Engineer: 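Below is the structure I would like to discuss, written out as structure tokens.
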There are 2 protein chains.
Amino acid sequence: MDEVDLIIAQWAKQRPELNTRPMALIGRLMRVSHVLAAEMGKTFAKHNMNGPSFDVLATLLRTGPPHALSPNDLLATMMITSGTMTNRIDRLEQAGLVKRIQNQNDKRSVLIALTEQGKTLIEKTVTAHVETQEKLVSPLTDEEQATFNKLLIKYLSANENV
Amino acid sequence: MDEVDLIIAQWAKQRPELNTRPMALIGRLMRVSHVLAAEMGKTFAKHNMNGPSFDVLATLLRTGPPHALSPNDLLATMMITSGTMTNRIDRLEQAGLVKRIQNQNDKRSVLIALTEQGKTLIEKTVTAHVETQEKLVSPLTDEEQATFNKLLIKYLSANENV
DNA sequence: CTATTTTATCTTGATGTCAAGATAAATGAA
DNA sequence: TTCATTTATCTTGACATCAAGATAAAATAG
């Protein structure tokens, strides 16, 4: 009997015709994602950053040298709007973690590159982040994790066009 | 081969020592929650509201008559701060969907009650929302949904104290 | 070659959120 | 009783986000 069960019991009483099965599944999934985001956020905070900053810096790092991408390339992997990307880059630039470099071939575009300071910071943070993720999935057995992952893959592949 | 696989392939190349298994699972789960929130948001928008407003109005509705709770009671079921609650109530009050009623027994506290307009709106919206949720879980079979739900329950119960 | 369309980035204004603290009322300890 | 503590709500300031549109440069159509 968790929070979600209580909510469902209330609906059963007030609106017994409602199909609460989907609600149970979706409600729990949203709760788990909230918990995960909060826990991962603690690791980011220890390294003076937050989730949005981490996403950008980690994307630049895993791209490999020279650790530079256009805002549009960065956008492609994150589910955010262009205005949000501009804002993220602004903050990171203010913090000295990335720099904007004019692209001479296409003057509409810029390259966002990790600074030395940014590279050092994100390398350390990624290591800590992976440790946090290991802790976060550890309540489930390897087999359960594999099952979970398969379900998510199936779900996402069914929703490519959503 | 989805987005997450691409990210993992990049890490494998740049930082082969990283354990990317947890990242795959958590990354996909965060993506699914993002997709679900966006899809449910469309239903809310059709009824002139959004997720936060829906949460408050639906909580008041499923409590049953007289459809009134204190901000603190409302907080208990949602994972938000008191300042966020104040803000949500302000917007709903401006929209005429709830009203604040002074509690004469405890003058620190108020009751947030559905207005007639708010009750009519949330009753319709809940029906549409449940239909949306049914559609959203339908890519998975009943058995897969049950497995998924069990995994989430196990995970949440292991994290009660997180 | 010029005009139109497309692309890449940024700007603006509105919301939603949190952390930290303010305020006011109720509770509890001495 | 009186003062300190706790509780309930709200306020403030800082960010993150989006939708819509502005701007400038590149690509394309005729």
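These numbers were taken from a predicted model, which means no experiment stands behind them. Below, chain A is the first sequence line, B the second, and so on; all start at residue 1.
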Engineer: In B/S/- notation, 5' to 3', how is nucleotides 15-21 of chain D contacted by protein heavy atoms closer than 4.0 Å?
Structural biologist: SSBBS--

Engineer: Between K107(B) (NZ) and dT9(D) (P), how many Å, whole number?
Structural biologist: 16 Å

Engineer: Starting at CG of N72(B) and ending at P of dA26(C), how long is that distance when rounded to a whole Å?
Structural biologist: 15 Å

Engineer: To the nearest Å, give me how far apart CD1 (I101(B)) and C1' (dA8(D)) are.
Structural biologist: 17 Å

Engineer: Could you tell me if the side chain of L57(A) sits less than 4.5 Å from the side chain of M49(A), heavy atoms only?
Structural biologist: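 SC-SC contact between M49(A) and L57(A) confirmed.
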
Engineer: Aromatic ring centroids of F148(A) and F148(B) under 6.0 Å?
Structural biologist: yes

Engineer: Can you tell me if the side-chain N/O atoms of T86(B) get under 4.0 Å from OP1 or OP2 in dC10(D)?
Structural biologist: yes

Engineer: Between E93(B) and R91(B), does at least one N-O distance fall below 4.0 Å, as a salt bridge requires?
Structural biologist: no

Engineer: How many Å lie between CG on L69(B) and P on dA8(D), as a whole number?
Structural biologist: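 That distance rounds to 14 Å.
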
Engineer: Taking for each residue the nucleotide of DNA chain D with the nearest heavy atom, is it N105(A) or S70(B) whose nucleotide lies nearer the 5' end?
Structural biologist: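 Its nearest nucleotide being more 5', the pick is S70(B).
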
Engineer: With a 3.5 Å distance limit and no angle check, can you tell me whether Q102(A) reaches the backbone of V110(A) through a side-chain donor-acceptor pair?
Structural biologist: no

Engineer: With a 4.0 Å limit, can you tell me whether S109(A) has a side-chain N or O closer than that to the phosphate oxygens OP1/OP2 of dT9(C)?
Structural biologist: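 So the side-chain polar atoms of S109(A) do come within 4.0 Å of the phosphate oxygens OP1 or OP2 of dT9(C), strictly under.
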
Engineer: Can you check the D90(A) CG to dT11(C) P distance for me, whole Å?
Structural biologist: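 So the CG-P distance, D90(A) to dT11(C), works out to 7 Å.
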
Engineer: Is any NZ, NE, NH1 or NH2 atom of the basic residue among E39(A) and K42(A) found under 4.0 Å from an Asp or Glu carboxylate oxygen of the other?
Structural biologist: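 Yes, E39(A) and K42(A) are salt-bridged.
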
Engineer: Is any NZ, NE, NH1 or NH2 atom of the basic residue among K119(B) and E123(B) found under 4.0 Å from an Asp or Glu carboxylate oxygen of the other?
Structural biologist: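 Yes, K119(B) and E123(B) are salt-bridged.
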
Engineer: N103(A) CG to dC10(C) P: how many Å, rounded?
Structural biologist: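 Spelled out: CG on N103(A) to P on dC10(C) is 13 Å.
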
Engineer: Give a yes-or-no answer on whether the side chains of T84(A) and N87(A) include a donor-acceptor pair shorter than 3.5 Å.
Structural biologist: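 On atom types as modelled, these side chains do not qualify, holding no pair under 3.5 Å.
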
Engineer: Output the rounded distance in Å from CZ (R108(B)) to C1' (dC10(D)).
Structural biologist: 14 Å

Engineer: Rounded to whole angstroms, how far apart are CE on M85(A) and C1' on dT7(C)?
Structural biologist: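 Checked: the CE to C1' distance equals 17 Å.
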
